2 protein chains.
Amino acid sequence: MLKKSNLRMTRQRKVILEELQKVDTHPSADEVYAMVRHRLPRISLGTVYRNLEILSESGVIQKLEPGCSLKRFDGNPSDHTHIRCVSCDRVVDAAMTPDLEIDFEQVNSTDFKIIGHRLEFFGLCPQCAEKSNPAEMQA
Amino acid sequence: MLKKSNLRMTRQRKVILEELQKVDTHPSADEVYAMVRHRLPRISLGTVYRNLEILSESGVIQKLEPGCSLKRFDGNPSDHTHIRCVSCDRVVDAAMTPDLEIDFEQVNSTDFKIIGHRLEFFGLCPQCAEKSNPAEMQA
DNA sequence: TTTGCTGCAAATCCTTTGCAGAGGT
DNA sequence: ACCTCTGCAAAGGATTTGCAGCAAA
């Protein structure tokens, strides 16, 4: 289940995973901490962070907003598409924005009022592609 | 040019905007700070942050990664689409993920090696839609 | 002259990390 | 027994904010 074989399924890790799988609210680390504390009152926030990281690296859960350690700014305010390097976080403009023709009714089963969407590509910039061994490439 | 009429075009604000419009590198606040300091050595990082915020609110520039004040986690690791409330940052799952059929060749004029893409919807959740006066709705 | 803006520094928020001891396997 | 994991607390990085003086309008 966990990708790296030298990982241990500790009580804390198990409870974090179980609690996260119970809900569909996409909680933040802090919210997971609050959820887990009902069952493990002495768990630390650091442990929650460490385990969320490990579980998402292992593919058991997923982390939303992958490449956003810091915000970036674009002098061009018009709507266009970006390509982000997953390795160095560099951002470039895409040549064009594909026309999606999305049927909101179909996508949205919720009672959210949809205002728009954002499409982002991710990949490897030439410098990072060169650095990373092609044999062990991981997105 | 600036949306709120009581805003002033100070030297600092002007230089920040000019420098940002010069480049297509999508710099972070810190990088903008470094760029601007060549012309205004005594400018402070706080001023850069304040102005980037004001300029993007005014629509003169844009902030990438709009809704990502903190990371969120999903117990479901499978690939699916999310809808985020622009007001309270809450995230729900979309009913389905539209099939995009994107021609990477066409989108990508760069030498990035594209690995994948991410589509996210944004909108207003029922609670926030109710709170916000429909007459002055701002996305 | 008004009042929004600045530089400075401290505060805040989220996240990561060092350490010594605890606990999976 | 080995070695990963934990709780704790301190450090870290990015961003925000309070304040008194400055400068657009």
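A, B, ... follow the sequence lines: proteins, then strands. Residue 1 opens every chain. Here the structure is a predicted model, which means the values were calculated and not measured.
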A side-chain contact here means heavy atoms from C-beta on lying under 4.5 Å apart; do [X] and [Y] qualify?
{"X": "B:E31", "Y": "B:T25", "result": "no"}
{"X": "B:H82", "Y": "B:V92", "result": "no"}
{"X": "A:M9", "Y": "A:L7", "result": "no"}
{"X": "A:D74", "Y": "A:H80", "result": "yes"}
{"X": "B:R39", "Y": "B:R37", "result": "no"}
{"X": "A:R90", "Y": "A:Q127", "result": "yes"}

Gap between atoms [atom1] and [atom2], on [X] and [N] respectively (whole Å):
{"X": "B:L55", "N": "C:dC5", "atom1": "CG", "atom2": "C1'", "result": "13 Å"}
{"X": "B:E57", "N": "C:dC5", "atom1": "CD", "atom2": "P", "result": "11 Å"}
{"X": "A:K14", "N": "D:dC5", "atom1": "NZ", "atom2": "C1'", "result": "16 Å"}
{"X": "B:L52", "N": "C:dC5", "atom1": "CG", "atom2": "C1'", "result": "15 Å"}
{"X": "A:E53", "N": "D:dC5", "atom1": "CD", "atom2": "P", "result": "13 Å"}
{"X": "A:R50", "N": "D:dT6", "atom1": "CZ", "atom2": "C1'", "result": "7 Å"}
{"X": "A:Y33", "N": "C:dT16", "atom1": "OH", "atom2": "P", "result": "16 Å"}
{"X": "B:L45", "N": "D:dT17", "atom1": "CG", "atom2": "P", "result": "14 Å"}

D:dT15 phosphate, OP1 or OP2, under 4.0 Å from B:Y49 side-chain N/O: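 For D:dT15, OP1/OP2 do have a side-chain N/O of B:Y49 under 4.0 Å.
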Tell me whether the OP1 or OP2 atom of C:dT6 has a side-chain N or O from B:N51 closer than 4.0 Å.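 Answer yes for this pair, as a side-chain N or O of B:N51 is under 4.0 Å from OP1 or OP2.
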Show which side-chain atoms of residues 47-54 of chain B pair as donor or acceptor with protein atoms under 3.5 Å away, not counting sequence neighbours.
{"unit_1": "B:T47", "atom_1": "OG1", "unit_2": "B:S44", "atom_2": "OG", "d": "3.1"}
{"unit_1": "B:N51", "atom_1": "OD1", "unit_2": "B:R13", "atom_2": "NE", "d": "2.5"}
{"unit_1": "B:N51", "atom_1": "OD1", "unit_2": "B:R13", "atom_2": "NH2", "d": "3.0"}
{"unit_1": "B:N51", "atom_1": "ND2", "unit_2": "B:T47", "atom_2": "O", "d": "3.1"}
{"unit_1": "B:E53", "atom_1": "OE1", "unit_2": "B:K63", "atom_2": "NZ", "d": "2.9"}
{"unit_1": "B:E53", "atom_1": "OE2", "unit_2": "B:K63", "atom_2": "NZ", "d": "3.2"}

End-to-end axis angle, where each axis spans five pairs of the helix from C:dT1-D:dA25 to C:dT25-D:dA1, to 10°: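 One end axis against the other gives 40°.
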Stepwise, does the side chain to side chain contact (heavy atoms under 4.5 Å, CB included) test hold for B:Q62 with A:D79? CA-CA 9 Å; B:Q62 70 173 303; A:D79 196 18; 5.7 Å; no
Confirm from the modelled atom types if B:R13 and C:dG4 form a donor-acceptor pair under 3.5 Å, side chain to base only.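 Answer is no: no donor-acceptor pair is held.
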What are the atom names and distances for every N/O pair under 3.5 Å that joins the protein to nucleotides 23-25 of chain C?
{"unit_1": "C:dG23", "atom_1": "N2", "unit_2": "A:R8", "atom_2": "NH1", "d": "2.4"}
{"unit_1": "C:dG24", "atom_1": "N2", "unit_2": "A:R8", "atom_2": "NH2", "d": "2.7"}
{"unit_1": "C:dG24", "atom_1": "N3", "unit_2": "A:R8", "atom_2": "NH1", "d": "3.4"}
{"unit_1": "C:dT25", "atom_1": "OP1", "unit_2": "A:M9", "atom_2": "N", "d": "2.9"}

A:Q21/A:I61 under side chain to side chain contact (heavy atoms under 4.5 Å, CB included): CA gap, chis, key distance, verdict: CA-CA 8 Å; A:Q21 287 175 336; A:I61 67 171; 5.6 Å; no
Remember a base hit wins even if backbone is also touched, and classify B:I43 as base, sugar-phosphate or nothing at under 4.0 Å, heavy atoms.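 B:I43: backbone/sugar contact only, no base atoms under 4.0 Å.
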Of the listed nucleotides D:dT6, C:dT15, C:dG7, the one nearest the side chain of B:T47: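 For the B:T47 side chain, the nearest candidate turns out to be C:dG7.
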